[in-house]
Amino acid sequence: MNTRLNVLFALFSSFALAQSKDGYWDNVRTTNETITLSAGKKKMIKTADFPLGTTEVVYRISILDDNQKISSSLVSVLKAIPDPTGISQGSAGAVFLASTISGDDKCKYAVFSNEKDALEYEKSTVLKNACVVQNEPINKEAKLLSEKSKCLNGNQNLWFVFESDNWIMKQKIVFEVVPWVDYKFKNGWTNAAKKELLLEIENNEFFKSIKQKDKLLGYFIETFTSKYNFNNYREIIPAEKAKVFSDVMDESLKKSGLMNGYLDGIRAEAKRFLSAKEYEKGMSLIENDIIQKGRATDLDYGLQGDFYLMTKQYIKAEVAIKKAISMNATNIEHQLRLAHVYLFSNRISDAKDIHKKYRSNNVSSSKSWTQATKEDFENFKKNGLPTADFKKILRILE
């Protein structure tokens with residue numbers, strides 16, 4: 001007995017003056033329950049809510065005889081240990097944590113990360129999804145659960161189910177749980193919490209279209225966790241979450257320098273919809289993901305004009321194409337689009353004027369104005385646009 005007391009005293013003396021800059025044992029949100037358990041029965045206990053930033057918890061179980069009392073609380077013991085590594089480094093820490101007294105009675109227990117499985121085990125013999133199982137009866141126990149364990153996976157609580165090993169007499173169990181709060185994760189963004197966020201983002205349709213995903217993820221996590229703590233994140237309703245994710249993704253795209261690549265991807269997808277005659281999908285993509293978010297260049301208004309042309313919305317097409325021209329007058333593809341609008345809206349003279357002005361030019365380094373016009377006319381013909389006036393334009397170009 002004296003030897004044990006000397007060990008405890010030495011440990012206490014060595015740790016008492018130590019202070020940690022990494023975190024602290026939260027002595028407010030602890031669990032301290034005394035359970036009276038009938039012979040052969042089970043009982044479930046839910047821990048107090050863990051504070052944001054909990055990366056480890058220590059629990060202690062002491063089975064006592066009727067007149068015994070715990071000499072010192074788990075909180076007071078842990079205050080002498082500067083951080084969780086002092087507990088996990090061998091048997092001395094475990095001796096220090098263990099109750100100095102215990103009775104002859106014993107119990108079994110299991111730990112769960114959700115209430116449903118704990119309740120099922122309490123009411124039956126079905127044991128599943130437990131993160132800790134102690135099938136060998138014990139009369140005292142002290143353990144640390146780290147963030148790497150299956151138990152602490154961003155959970156705010158744990159559920160313990162105790163089973164008496166007595167056949168006849170009831171027993172008394174003192175159950176204590178103390179969380180360790182890491183200063184770095186006090187906003188709740190532990191590694192487990194970040195993994196939960198990452199999983200949701202990776203399954204988001206918006207993110208699936210992004211190239212250089214790893215680079216963008218880093219910026220997204222940094223931006224999101226600086227704006228919201230983990231509890232805020234979990235409280236965001238689905239309707240709000242879509243907008244929140246979109247806003248943070250926009251900011252992350254800008255910070256990462258990936259915005260241009262992302263927009264080019266949207267444009268390429270919209271052009272595929274145009275070729276496949278899925279006009280509504282393509283128009284929605286350009287409208288919602290580029291124009292309405294203030295990201296549009298002349299290319300986007302030009303592409304919007306193409307969709308309006310193919311769906312015979314000539315007034316809207318003219319507005320979009322003239323917007324593109326106002327943003328970039330040197331891109332004469334927009335002038336060709338405008339000539340088409342005039343042609344289809346019975347302003348043949350205006351269409352001819354544009355063709356006469358630009359017919360000697362190339363619309364790109366490898367394509368002449370005449371070639372581009374003929375290709376467009378073929379496409380219009382295939383898609384059912386009126387072709388009666390095409391010859392009037394082609395005469396000017398020949």
For N27, check side-chain hydrogen bond (donor to acceptor under 3.5 Å, both in side chains) against everything at least two apart and list the hits.
none

What pairs with K254 under side-chain hydrogen bond (donor to acceptor under 3.5 Å, both in side chains), at least two apart in sequence or on another chain?
none

Is K281 salt-bridged to E269, cutoff N-O under 4.0 Å?
no

Restricting to pairs with a member in residues 109-132, which pass salt bridge (charged side-chain N to carboxylate O under 4.0 Å, His left out), not counting sequence neighbours?
E120-K128

Given a cutoff of under 4.5 Å between side-chain heavy atoms of I, L, V, M, F, W and Y, with clusters grown through shared members, what are the other residues clustered with V133?
M44, F112, L119, Y121, L127, W159, V161

Derivation of the salt bridge (charged side-chain N to carboxylate O under 4.0 Å, His left out) call for E196 and R234:
CA-CA 10 Å; E196 181 180 326; R234 284 199 157 177; 2.7 Å; yes

Partners meeting ring-ring contact (aromatic ring centres under 6.0 Å, His included) with F160 (sequence neighbours left out):
Y59, F175

Which of E333, Q335, H355 passes side-chain hydrogen bond (donor to acceptor under 3.5 Å, both in side chains) with W369? It is H355

Ionic contact status for R267 with D300, cut-off 4.0 Å
yes

With the threshold set at 4.0 Å, does a side-chain nitrogen-carboxylate oxygen contact exist between E375 and K367?
yes

N191: partners by side-chain hydrogen bond (donor to acceptor under 3.5 Å, both in side chains), with sequence neighbours left out:
none

Verify salt bridge (charged side-chain N to carboxylate O under 4.0 Å, His left out) between K255 and E251, making sure each step is shown before the conclusion.
CA-CA 6 Å; K255 287 180 179 178; E251 190 171 338; 3.4 Å; yes

In plain terms, say whether D353 and K357 are close enough for a salt bridge, that is, a side-chain N and a carboxylate O under 4.0 Å apart.
no

Give me the ring orientation class for H340 and F380: parallel if the planes are under 30° apart, tilted from 30 to 60°, perpendicular past 60°.
perpendicular

